[in-house]
K.L.:
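Just passing along the structure, written as structure tokens.
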Amino acid sequence: MRSVSRGVGWLLAFLIVQISISVLLKTAAAYAQWRVGVTAVAAAFPVLSTYLLMRVFAHLPSHLAQGLG
């Protein structure tokens, strides 16, 4: 059961990163003076997102991890 709770924690971290990417890209679209910097930061986040999703797959059954992620 401990592994499942860790998997849920990794899943929450993954979802937070996904939401932050969306917010950053929306911010980049709204403010022209921040466009390049914010887009560069948002472009680097998918690397972290992929790592977090792999941690989810390590702790949850694959069908749950794929469906929830």
Side-chain angles (χ1 to χ4, degrees):
M1 189 68 174
R2 179 178 171 133
S3 183
V4 172
S5 62
R6 281 189 183 188
V8 170
W10 286 113
L11 181 64
L12 289 175
F14 168 76
L15 293 175
I16 289 169
V17 169
Q18 290 298 310
I19 291 169
S20 65
I21 290 170
S22 297
V23 169
L24 285 171
L25 290 175
K26 184 69 175 174
T27 303
Y31 300 103
Q33 67 271 20
W34 294 353
R35 186 161 294 150
V36 174
V38 172
T39 303
V41 170
F45 270 36
V47 175
L48 175 61
S49 178
T50 302
Y51 171 76
L52 293 172
L53 188 58
M54 292 300 104
R55 299 309 311 154
V56 172
F57 273 104
H59 291 284
L60 289 179
S62 62
H63 64 282
L64 285 177
Q66 188 174 8
L68 296 173

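All heavy atoms count here, side chains included; hydrogens, waters and symmetry mates do not. These figures come from a predicted structure and were not determined experimentally.
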K.L.:
Same hydrophobic cluster for Phe14 and Leu64, using side-chain heavy-atom links shorter than 4.5 Å among ILVMFWY?
P.N.:
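As far as the 4.5 Å side-chain criterion goes, Leu64 and Phe14 are not connected within one cluster.
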K.L.:
Using residues 30-51 as the side-chain source, report each donor-acceptor pair under 3.5 Å to any protein atom, sequence neighbours left out, with the distance given to one decimal.
P.N.:
unit_1	atom_1	unit_2	atom_2	d
Arg35	NE	Ala28	O	3.1
Arg35	NH2	Ala29	O	3.1
Thr39	OG1	Arg35	O	2.6
Ser49	OG	Gln18	NE2	2.3
Thr50	OG1	Pro46	O	2.8

K.L.:
Can you list the residues that meet the side-chain contact (heavy atoms from CB on, under 4.5 Å) rule with Leu60, with sequence neighbours excluded?
P.N.:
Val4, Val56, Ala65
K.L.:
I need the Ile16 CD1 to Leu11 CG distance, nearest 0.5 Å.
P.N.:
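CG of Leu11 is found 10.0 Å from CD1 of Ile16.
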K.L.:
Apply side-chain contact (heavy atoms from CB on, under 4.5 Å) to Ala13 and list each qualifying residue two or more places apart in sequence or on a separate chain.
P.N.:
Leu52
K.L.:
Between atom CG of Leu15 and atom CG of Leu53, what is the distance when rounded to the nearest 0.5 Å?
P.N.:
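So the CG of Leu15 and the CG of Leu53 are separated by 9.5 Å.
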